[in-house]
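Step one of this worksheet: look at the structure below.
Computation of the quantities below employed the complete heavy-atom set of this structure, encompassing side-chain atoms and omitting hydrogens, waters and symmetry-equivalent molecules. Quick note on labels: first sequence line is chain A, next is B, and so on, each numbered from 1.
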Number of protein chains: 2
Amino acid sequence: MIDYNNPAVRYYQQVSDECIHYLSIDGVIFGFHQNQLNVLLLRWKGTNEWSLPGGFIKKKESVDEAAQRVMQERTGLDKLYLQQFHVFGEATRYDQEETWRKTTIPLQHIKWSERTISLGYYALVEHSKVVPSPDFLTDECRWWPLNEIPSLLFDHNHIIDVAIQSLRKQLTDQPISHLLPETFTIPELQRLHETILGYPLDARNFYKKVMASGTLERLSERRAGTPHKAPYLYRFAGTGHDAVG
Amino acid sequence: MIDYNNPAVRYYQQVSDECIHYLSIDGVIFGFHQNQLNVLLLRWKGTNEWSLPGGFIKKKESVDEAAQRVMQERTGLDKLYLQQFHVFGEATRYDQEETWRKTTIPLQHIKWSERTISLGYYALVEHSKVVPSPDFLTDECRWWPLNEIPSLLFDHNHIIDVAIQSLRKQLTDQPISHLLPETFTIPELQRLHETILGYPLDARNFYKKVMASGTLERLSERRAGTPHKAPYLYRFAGTGHDAVG
DNA sequence: TACCTTTACGTCAAAAGTACGTAAAGATTT
DNA sequence: AAATCTTTACGTACTTTTGACGTAAAGGTA
């Protein structure tokens, strides 16, 4: 007695046919706004429960393509900078019964696997360019500042933690450009680094370091409308983005 | 008309029931012997074709446990130092028809997925402690020096390449202990690092560096039977191994 | 005994990282 | 208009790390 009027049931029916079972993608989409790291979250239909965007891998699709597709749908952006950062493969990752109850998904109507292995990807996007849109299991899609994120469904709080650790590790290797607009000032770049690392940096030394990296190109314009001395605008000279997708 | 006398058919039948489809584990088991990195490979039954050890994830088992199990069976060792290093998730990773022909697996008798996503793990083991044993699709299991590895089945040459790159990256963070016996000399540790990195290191500077790391503990004994000045033996003071499993 | 190789240290200079100084730009206050 | 304040865009000086190279002692071989 399967209730095909329920959109969740229809969704899982389709996924069950088209996609790979036991395996999913969870996406931590990072944005930077008002000196805060933000993560894009979804509120499940008719509930007050939030989760990361995610999805399943089609049988004839690479996992990178699947991640790209899932994140694209939530952000409205293409060619996202994606990084695969961890596989969450515990046999029991969270309380399944509790989770399905919270989502109000009628589990008994769904023929789906008992456990899911999740491939964790993070995306670095330009906050202002994103047009958040929910999928059809969710009512709302919006940015959450990292330090205000509520208790999420599944093990998604944990996944975000691991994503941030990976992001910090990446930052020590190379300056991160993908979270800022095309042009930005050095102080703005510094705020971004400080926010990701979680501690303040010395402006003089930061300036020296990013200059020495050779990846920045100074434009002739300055940022207008600042209350103080107008800072120069810069652009990343490194042409190619080097992530997947 | 399924040939249940064929062991491969029986194996895949069992895997099909017990394990997760579309998903596999490939293990790059590194050993260090005679100043060379070695990788454990398997020769498929009745062929001259070699591949990495691998396996599938049981439906109620974590992926780390599965990796531990698969590698354990080939090496005879437990509590292996394992590191998950990449997910190989291309829609087409290799020429399937060619591969199945080479393995002489009767594909037409097997109900298995059209593509496989592979979780790449590497293991660092003490070469002398390993007792290589083939699984029942293979006739032979033995060490291959890294620079003599033949053209392998599937995309396993590529997987080994990626594993080595990850291993090199890890080495820059922390000295690697798991490939050496409990006690070793500084020059032996240096040879290991040189082999992984692929270039020679200055003995004086290497000595200083590992001493400064504070992770080594000098024993009172020296290595006997060397043609020259007997070097001291050392042990890693860092008690806890920090990998999965 | 002379000689050679290897170990187990040491020295010194270059490079990278860290603390902090300061003049100029632009707004705000007196 | 002048003084003040904050911020930028540099610079200087010191410290730590890294890298090139020196060398005496240990143990074998010619």
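For Arg69(B), the salt bridge (Lys or Arg N to Asp or Glu O under 4.0 Å) criterion is met by Glu61(B), not counting sequence neighbours.
Dashed line: the shortest gap from a side-chain N or O of Arg218(A) to OP1 or OP2 of dC10(D) is under 4.0 Å. Contact annotation: Tyr207(B) side-chain N/O to dA8(C) OP1/OP2 distance is not under 4.0 Å.
Atom CZ in Phe206(A) sits roughly 16 Å away from atom P in dA19(C) (whole-Å rounding). As rounded to whole Å, 13 Å separates atom P of dT7(C) from atom CG of Leu189(B). Whole-Å rounding puts the Ile186(B) CD1 to dA26(D) P distance at 19 Å. Atom CD of Gln190(A) and atom C1' of dC10(D) are 14 Å apart (whole Å). Straight-line distance from the CD atom of Glu221(B) to the P atom of dT7(C): 18 Å, rounded to whole Å. Rounded to an integer number of Å, the gap from CG of Leu201(A) to P of dG17(C) is 13 Å.
The backbone N or O of Pro150(A) sits less than 3.5 Å from a side-chain atom of Asn157(A), completing a donor-acceptor pair. Proximity of a side-chain donor or acceptor of Ser166(A) to a complementary backbone N or O of Val162(A) within less than 3.5 Å is detected.
No side-chain N or O of Gln68(A) forms a donor-acceptor pair with one of Asp78(A) less than 3.5 Å apart. In this model, no donor atom of one side chain and acceptor atom of the other lie less than 3.5 Å apart for Asp202(B) and Tyr207(B).
Applying side chain to side chain contact (heavy atoms under 4.5 Å, CB included) to Ser118(A) and the options Glu90(A), His156(A), Arg93(A) leaves one that passes, Arg93(A).
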Nucleotide by nucleotide, 5' to 3', does protein get under 4.0 Å of the base (B), only the sugar-phosphate (S), or neither (-) in nucleotides 20-30 of chain C, counting heavy atoms?
BBB-BBBS---
